[in-house]
Amino acid sequence: MPTDPYTTSLHYDRRLYKQDIAGSIAHARMLARQGIISPQDAEAIIHGLEDIQDEIEDGLFPWKPELEDLHMNIEARLYEKIGEAAGRLHTARSRNDQVNVDVRLYTKEAIAGAIQRIRRLQEALLKVAQDNLETIVPGYTHMQRAQPVLLSHHYLAYFHMLQRDRERFQECLRRVDVLPLGSGALAGVPYPIDRKFVAAELGFSRISDNSMDTVADRDFIAEYLANAALCMAHLSRLAEEIVLWSSAEFDFLSLDDKYVTGSSIMPQKRNPDFAELARGKTGRVYGHLIGLLTVLKGLPLTYNRDLQEDKEGLFDTVDTLHATLDVFAGMIATAQFNKERMRQAAEESYVLATDLADYLVARGVPFREAHAFMARLVAYASTRRKPFRDLTLAEYHRFSSKFGQDVYQVTVEASVAARDVPGGTALPQVKKQLEQAQALLQQG
Ligand code: ARG
């Protein structure tokens, strides 16, 4: 029966050819070792598959969509090449455990690729922190200037988000790294197979426990997609901040020419398209996660053809995540930070209001009262468009008699230095954080 285009997966599962061939070679070796097929047949199968791999890589493989999927295409081609022995390869195997092994091998590689790229981006963030160890920038809450912080501290925040992403990928690898082959269509196979041998051949740490669960399971893809979605969320937050910070309104950083594009009609523009696209592409990755969860939710045991819908979203997520991580590593490494402007933004605003309230607390004023005095003082100063340092002591005294000449020593540097608690923004703490971050990168 010819395949209807509706059911064909060849146009995307072709991408799994290497994994499919590796899985088949390991399976053929095991069949021969166990005396299930002859050594001669195994030999012919393995050579045939190696030839096929070359054909595919040289662009010479005659793909036939009417054969439905990758697995059938390779098997049919193997017949053309070696004849009857080809028919013995599928002994003790089903496409249900075959496709599962392909996607697991693929996902393992995808995880390694994500981990390595996250590391590169973490290195770029660390470099920004090192180069800006003492650069002062306003820290924000509610998008309002809140308290001064070190830019190094700010960028290390992203380092930690990515550290968790990297750990999540590492942890999910444990559940991806399981051999499904040997589960057959659903119930296991009636041959004396050696699953552990196949696992070792393919580099899997262990074999699956329940054949029915195995052929029905796509949790490992959902986990990968969830981890990718969270990683994209982090990148998207950073992207949003880059868009803001590179605007004329902020002017905190400027992106390398490589990461901006001009407008076709407004010559002054340097649009942060890469950051915007990263923010936008986060949507499709979320979509793929929800898509797969939805595919899974109504499925009775065991394999159902719905499961074929797992692949396109996975592939697109891998491509999107890898490309986005690569872009960010380059974009962060080449961004120029406008230290003067950041400092000015901190100084001309009222980010020292908390510190001045703390100043009054140190002179015996209860914090709540000090807070109220400061709220009035900020209102007074801002209507006159005066930064704190331009207020006279007499003006300070209108709000509290506790202010003394040393109020002018409450500076952005002093504010940062005062937050000398673990995890705080004071320089000695940020230096410790940097060392920990370096150690985390060295750990792998
Ligand atoms: N193309 C299928 C998939 O991706 C392969 C497994 C097909 N199995 C089957 N019994 N039709 O899920």
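Just so you know, ligand 1 is whichever comes first in the structure, and atom 1 is the first atom listed for that ligand. For reference, positions follow the sequence shown, starting with 1.
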Under 4.0 Å from ligand 1, residues with heavy atoms, in chain and number order, are Ser9, Asp69, His71, Arg95, Asn96, Val99, Tyr303, Gln308, Lys311

Which donor-acceptor pairs under 3.5 Å do side chains of residues 136-147 form with protein atoms, sequence neighbours excluded?
| residue | atom | partner | partner atom | Å |
| --- | --- | --- | --- | --- |
| Arg145 | NH1 | Ala345 | O | 3.2 |
| Gln147 | NE2 | Thr354 | OG1 | 3.2 |

Applied to residues 177-186, the side chain to side chain donor-acceptor pair (under 3.5 Å) test, sequence neighbours excluded, yields Lys108-Asp177, Asp177-Ser205

| message | Under a 3.5 Å cutoff, is there a donor and acceptor pairing between the side chains of Gln429 and His153? | response | no

Across all chains, not counting sequence neighbours, the salt bridge (charged side-chain N to carboxylate O under 4.0 Å, His left out) partners of Arg166 are none

Practice task
Please determine, by modelled atom types, if Asn100 and Arg104 share a side-chain donor-acceptor pair under 3.5 angstrom.
Solution key: yes

In Phe315, Tyr12, Tyr224, the residue satisfying ring pair (Phe, Tyr, Trp, His ring centres under 6.0 Å) with Tyr106 is Phe315

